[in-house]
Number of protein chains: 2
Amino acid sequence: MVVDASLRRTLHKRGMRMTPQRQLVLDAVRDLHHATPEQICEHVQRVAPAVNITTVYRTLDLLEGLDLVRHTHLGHGAPSYSTHAHEHVHLVCHRCGDVTEVPPAALTNLTEQLGARFGFVLDCSHLALSGRCSRCVEHAETAAEVNGS
Amino acid sequence: MVVDASLRRTLHKRGMRMTPQRQLVLDAVRDLHHATPEQICEHVQRVAPAVNITTVYRTLDLLEGLDLVRHTHLGHGAPSYSTHAHEHVHLVCHRCGDVTEVPPAALTNLTEQLGARFGFVLDCSHLALSGRCSRCVEHAETAAEVNGS
DNA sequence: TTAGGTGCAAACTTTTTGCCTCCGA
DNA sequence: TCGGAGGCAAAAAGTTTGCACCTAA
């Protein structure tokens, strides 16, 4: 997807090789928007059935090292990979596991503070915030008294 | 730790039984501050060597359902369990996996916004924010041009 | 007494490693 | 050509399940 030559250059710059698998995995991450390694593998295998899940893991590691993709742990299970292009914040409910996507605009304040005070560059493009969704808040009252005592 | 009777009451209220294992696991989570199931198990086994890792998993699930503990995925590996009492925000570096703890004060703005606009109750007591730590920011420049093109 | 809870072993899922072959530069 | 990369199989890490026995209520 447009960037083929760029991936090749980036790899060569570090003495690494361009391979069809690496392009396919990168394309899959771009196409799928936060997908698990297994989903990425399935997607790649539609075009190249011989590609192994091991290669997908190794390539995702590599691409993450090159800062071309990243991963976030949304719910319990497998991590979720995406590119910088896919911008939003995830609100993950502790209790029911529900994930809501919201625009990253609300974070500009926080980003500035963390940068100024800790030198930490917050990744607003793919952030997971944990808490409790509106539905589950209503169920929380019963247990609250235990913590309060 | 003080709350023994409270745990028993909470369990009985739901037709569940109080057991030494449940108290030990809850105490371990309180003592250890964000520990993995395996670490919790080891801690419990110092006092009660026969307690099985299976029981730890089952009990953590149970206690989370009772809203007495919670878990967060910090880095790659195992989840990290803690209680509400342990208040801080984790800054997790995407690149090197480093985790910095900062006070949750910076989040008051964000908490209000998310509550007002989405009904989402952000859990400030044990939040993981992903991004890049100050050291790794310096290494990022080399790859940046690829994304920019 | 008796149903819920535990321990143990085995299965399962997800990820990593070793090793040999293959192929990109 | 030749060392990095991929495929395959096995191992490791993390978690869940089945079942018989035990114990809190």
Side-chain angles (χ1 to χ4, degrees), chain A residues 4-5 7-29 34-42 44-45 47-66 68-69 71-81 97, chain B residues 4-26 28-29 34-42 44-45 47-66 68-69 71-81 97:
Chain A
D4 294 20
L7 176 58
R8 167 167 269 118
R9 258 198 304 120
T10 309
L11 290 166
H12 284 184
K13 221 183 298 179
R14 320 213 170 187
M16 295 164 164
R17 291 183 185 169
M18 176 62 171
T19 65
Q21 287 89 336
R22 290 177 173 178
Q23 187 65 57
L24 286 165
V25 169
L26 180 54
D27 288 350
V29 175
H34 57 86
T36 64
E38 195 170 350
Q39 291 170 328
I40 291 164
C41 189
E42 281 167 19
V44 168
Q45 286 178 339
V47 179
V51 172
N52 198 274
I53 183 85
T54 303
T55 301
V56 173
Y57 277 108
R58 283 194 280 231
T59 305
L60 287 172
D61 256 21
L62 180 95
L63 295 176
E64 194 155 28
L66 296 175
L68 294 172
V69 309
H71 79 272
T72 317
H73 295 272
L74 294 182
H76 285 234
S80 178
Y81 283 82
Chain B
D4 294 20
S6 176
L7 176 58
R8 168 168 267 119
R9 257 198 304 122
T10 308
L11 290 166
H12 284 185
K13 221 184 296 182
R14 319 211 173 189
M16 294 162 166
R17 291 183 186 170
M18 177 61 171
T19 66
Q21 288 90 335
R22 291 177 174 176
Q23 187 64 58
L24 286 166
V25 169
L26 180 54
V29 174
H34 57 87
T36 63
E38 196 168 352
Q39 291 170 328
I40 291 164
C41 190
E42 280 166 20
V44 168
Q45 287 178 340
V47 179
V51 172
N52 197 271
I53 183 85
T54 304
T55 300
V56 173
Y57 277 108
R58 285 193 280 229
T59 305
L60 286 172
D61 256 21
L62 179 97
L63 295 176
E64 195 155 27
L66 296 175
L68 293 174
V69 308
H71 78 273
T72 317
H73 296 272
L74 292 181
H76 284 237
S80 178
Y81 284 81

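Residue numbers start from 1 in every chain, and the chains themselves are labelled A, B, ... in the order their sequence lines are given, proteins ahead of strands.
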A/S80: what forms a side-chain hydrogen bond (donor to acceptor under 3.5 Å, both in side chains) with it, not counting sequence neighbours? none
Checking the side chain of A/Q45 only, and the main-chain atoms of A/V51 only, is there a donor and an acceptor separated by less than 3.5 Å? yes
So does B/Y57 get a side-chain nitrogen or oxygen closer than 4.0 Å to the phosphate oxygens (OP1/OP2) of D/dT16? no
Sugar-phosphate atoms are those with a prime plus P, OP1 and OP2; base atoms are the rest. Using that split, label each nucleotide of nucleotides 19-25 of chain C B, S or - for protein heavy atoms under 4.0 Å, 5' to 3'. ----BBS
Report the residue (B/E38 or A/A50) whose heavy-atom-nearest nucleotide on DNA chain D is the more 5′ of the two. A/A50
Atom CG of B/L60 to atom P of D/dT16: distance rounded to whole Å? 10 Å
Using Watson-Crick and G-U wobble pairs with both distances under 3.5 Å, what is the 5'-to-3' dot-bracket string of DNA chain D, with [ ] for crossing pairs and | for pairs outside the strand? |||||||||||||||||||||||||
Between B/V69 and B/Y81 the two heavy atoms that sit nearest each other are CG2-CD2, 4.1 Å
Just the table, please: protein N/O against nucleotides 11-13 of chain D N/O, every pair under 3.5 Å.
none

When the distance from NZ of B/K13 to P of C/dG4 is rounded to whole Å, what number comes out? 19 Å
Atom pair CD1/OG1 of B/I40 and B/T59 - distance to nearest 0.5 Å: 10.0 Å
From CD of A/E64 over to P of C/dT16, roughly how many Å is that when rounded to an integer? 11 Å
When rounded to whole Å, the CD to P distance for the pair B/Q23 and C/dG5 reads 15 Å
A/L24 CG to D/dA5 P: how many Å, rounded? 16 Å
Shortest non-hydrogen contact from A/P79 toward A/P37: O-CD, 3.5 Å
Relative to the 5' end of DNA chain C, which residue comes earlier, A/P37 or B/T59, by the nucleotide with the nearest heavy atom? B/T59
In chain order, what residues pass the side-chain hydrogen bond (donor to acceptor under 3.5 Å, both in side chains) check against B/T72, with sequence neighbours excluded? B/H126
Provide the closest heavy-atom pair for B/V47 versus B/L24 in the form atom of the first, atom of the second, distance. CG1-CD2, 4.2 Å
According to a strict under-4.0 Å criterion, is A/T55 in side-chain N/O contact with OP1 or OP2 of D/dG7? yes
How long is the gap from CG on A/L66 to CG on A/D61, to the nearest 0.5 Å? 10.5 Å
Could you measure the distance from the CG atom of B/L26 to the CD atom of B/Q23? Nearest 0.5 Å is fine. 5.5 Å
Below 4.0 angstrom from OP1 or OP2 of D/dG7, is there any side-chain N or O of A/Q21? yes
side-chain contact (heavy atoms from CB on, under 4.5 Å) filter on A/E42, not counting sequence neighbours, yields A/E38
May I have the distance from B/I53 (atom CD1) to D/dT16 (atom C1'), rounded to whole angstrom? 12 Å
Interatomic distance, B/L11 CG vs C/dG4 P [rounded to whole Å]: 14 Å
If every non-hydrogen atom of B/H12 is compared with every non-hydrogen atom of B/M18, which pair is closest and at what distance? NE2-N, 4.2 Å
If the cut-off is 4.0 Å, is A/N52 near the phosphate of D/dG6, judged by side-chain N/O to OP1 or OP2? no
In terms of heavy-atom contacts, A/R17 and A/R22 come closest through O-NH1, 2.7 Å
Grab the CZ-P distance between B/R14 and C/dG5 for me, whole Å please. 13 Å
